[in-house]
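Read through the structure below, which is laid out as structure tokens, and then see the notes.
Residue numbering restarts at 1 for every chain, and letters A, B, ... go by the order of the sequence lines. Just the heavy atoms: all of them, side chains too, but no hydrogens, waters or symmetry mates, feed the values below.
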2 protein chains.
Amino acid sequence: MRIGELARKAGTTTRTLRYYEARGLLPARRGENGYRRYDEEDLRLLHQIRLLQDFGFELEETRPFVDCLRAGHPSGDSCPASLDVYRRKLDELDAVIERLRQVREQMGAQLARAELEASAQQPPAPRCELTQAPSGRREQERGPDDDAVE
Amino acid sequence: MRIGELARKAGTTTRTLRYYEARGLLPARRGENGYRRYDEEDLRLLHQIRLLQDFGFELEETRPFVDCLRAGHPSGDSCPASLDVYRRKLDELDAVIERLRQVREQMGAQLARAELEASAQQPPAPRCELTQAPSGRREQERGPDDDAVE
DNA sequence: GTAGACCTTGACCCCGACGTCAACGCCAGC
DNA sequence: GCTGGCGTTGACGTCGGGGTCAAGGTCTAC
Ligand SMILES: [Zn+2]
Ligand SMILES: [Zn+2]
Ligand SMILES: [Zn+2]
Ligand SMILES: [Zn+2]
């Protein structure tokens, strides 16, 4: 099949397929007229790539899976190289999720506090002193030109 | 103080401060020689920006907080506009976290299955048929040129 | 033969938050 | 007066994953 058909079957664009080819990820054979030719295996490889992309893999990280499939192995993750990528991505993912979870927690607390202060006219609870308006000047050392404010 | 000192105090770079100024987020007064001049309030504003940036806010999303502080309000999130941003970011965050959680789950399952198949020489369990090597050809309709493979 | 649906390469554009020069001005100390 | 460390503006590069022309070649149907 040609590039447009493959793109349609895989739910992507021709530009994307040319991009993958330029990156050496999904090279295409050529017909007499110079048109790219693909077969069903390419569709399979492409499908693997898109799946991992949807998982948040970078393009380069899909390469072991594609190579594995191209080697004729039963599935893209049959090779240790693919499993290594899995494990690395899982660690990354855990780290990111944990980080976001903590951020979410902090932000939720900030919002709750701010809403409370907004409803009642209470004085702001103590937080990082630098994100508040100045009340009593008790800042760190200052440069020699700080009082030269226009 | 001058740009370098502010950058050092805030743990960022002069390039970043010029960028913020170009975006209208942290404009600077100028001395006679054309040098940018900052005071302690700028440090506070900058601190608010960096804090939110660390939370994953885009630069534009920090603007309500900065405006709020600049208006003399007790904290950057004293204004409803800031609270709206909080709420929007929380929703985004929840969505992202949930998505990542699901991806993590799927990937973990894939890894477990692949490891199992690697240890024992079992046939691959059924998954999306397109990410596996072909066994019995039973694909969908094909274009008129699929058999013309070189 | 000609429209128009496909294909080709090449080139530039996009996003965000800066990094990295280049070429120059200002100011301190010696 | 000269070096070195600051500052200035401007312009271009980065990263990933493509989008969007533009100018032309190919093939099929009418
Ligand atoms: Zn393999
Ligand atoms: Zn702080
Ligand atoms: Zn306010
Ligand atoms: Zn599938």
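Across all strands shown, A:Arg8 has no heavy atoms under 4.0 Å from either base or sugar-phosphate atoms.
As a whole-Å value, the separation of B:Phe57 CZ from C:dG16 P is 16 Å. One atom, CG of B:Leu26, and another, P of C:dA17, lie 15 Å apart when rounded to the nearest Å. Counting to the nearest Å, the P atom of C:dC6 and the CZ atom of A:Arg37 are 16 Å from each other. Rounded to whole angstrom, the span from the CZ atom of A:Arg15 across to the C1' atom of D:dA22 amounts to 14 Å. At whole-Å resolution of the value, CD in B:Glu32 and P in D:dC6 are 22 Å apart. Following rounding to the nearest Å, A:Arg2 (CZ) and C:dA5 (C1') show an atom-to-atom distance of 9 Å. The CD atom of B:Glu5 sits 18 Å away from the P atom of D:dG5 (whole-angstrom rounding). The separation between A:Arg23 atom CZ and D:dG16 atom P is 8 Å, rounded to whole Å.
Judged by a 6.0 Å distance limit and a 45° cone about the ring axis, A:Lys89 is not positioned over the six-membered ring of A:Phe55.
Candidate nucleotides D:dG17, D:dG19, C:dC18 were compared by shortest atom distance to the side chain of A:Glu58, and D:dG17 ranks first. Looking at the side chain of B:Ile3, the nearest of the listed nucleotides C:dC7, D:dG7, C:dC18 is D:dG7. Nearest nucleotide to the B:Arg18 side chain, out of C:dG16, D:dT9, D:dG19: D:dT9. Of the listed nucleotides (D:dG18, D:dG7, C:dA17), D:dG18 has the atom at the smallest distance from the side chain of A:Arg50. Minimum atom distance to the side chain of B:Arg30 is reached by D:dT8, of the listed D:dG19, C:dC18, D:dT8. Of the listed nucleotides (D:dG7, C:dC7, C:dC18), C:dC7 has the atom at the smallest distance from the side chain of A:Thr14. Here C:dT9 is the nucleotide among D:dT9, C:dT9, C:dC18 with the atom lying nearest to any side-chain atom of A:Arg36.
Heavy atoms from other residues, nucleotides or ligands lying under 6.0 Å from CZ of A:Arg88 number more than 12. Sparse packing is recorded around CZ of A:Arg23, with 12 or fewer heavy atoms of other residues, nucleotides or ligands lying under 6.0 Å away.
A donor and an acceptor atom, one from each side chain of B:Glu98 and B:Gln102, are located under 3.5 Å apart.
Between B:Tyr35 and A:Tyr35, the residue anchored closer to the 5' end of DNA chain C is A:Tyr35, taking for each the nucleotide with the nearest heavy atom.
Phosphate contact (OP1/OP2 of D:dG17, side-chain N/O of A:Tyr20, threshold under 4.0 Å): absent. The phosphate of C:dG16 (OP1 or OP2) has no side-chain N or O of B:Gln53 nearer than 4.0 angstrom. Within the structure, a side-chain polar atom (N or O) of A:Asn33 is placed less than 4.0 Å from OP1 or OP2 of D:dC27.
Ion pairing between B:Glu5 and B:Arg37 fails under the 4.0 Å rule for side-chain N and carboxylate O.
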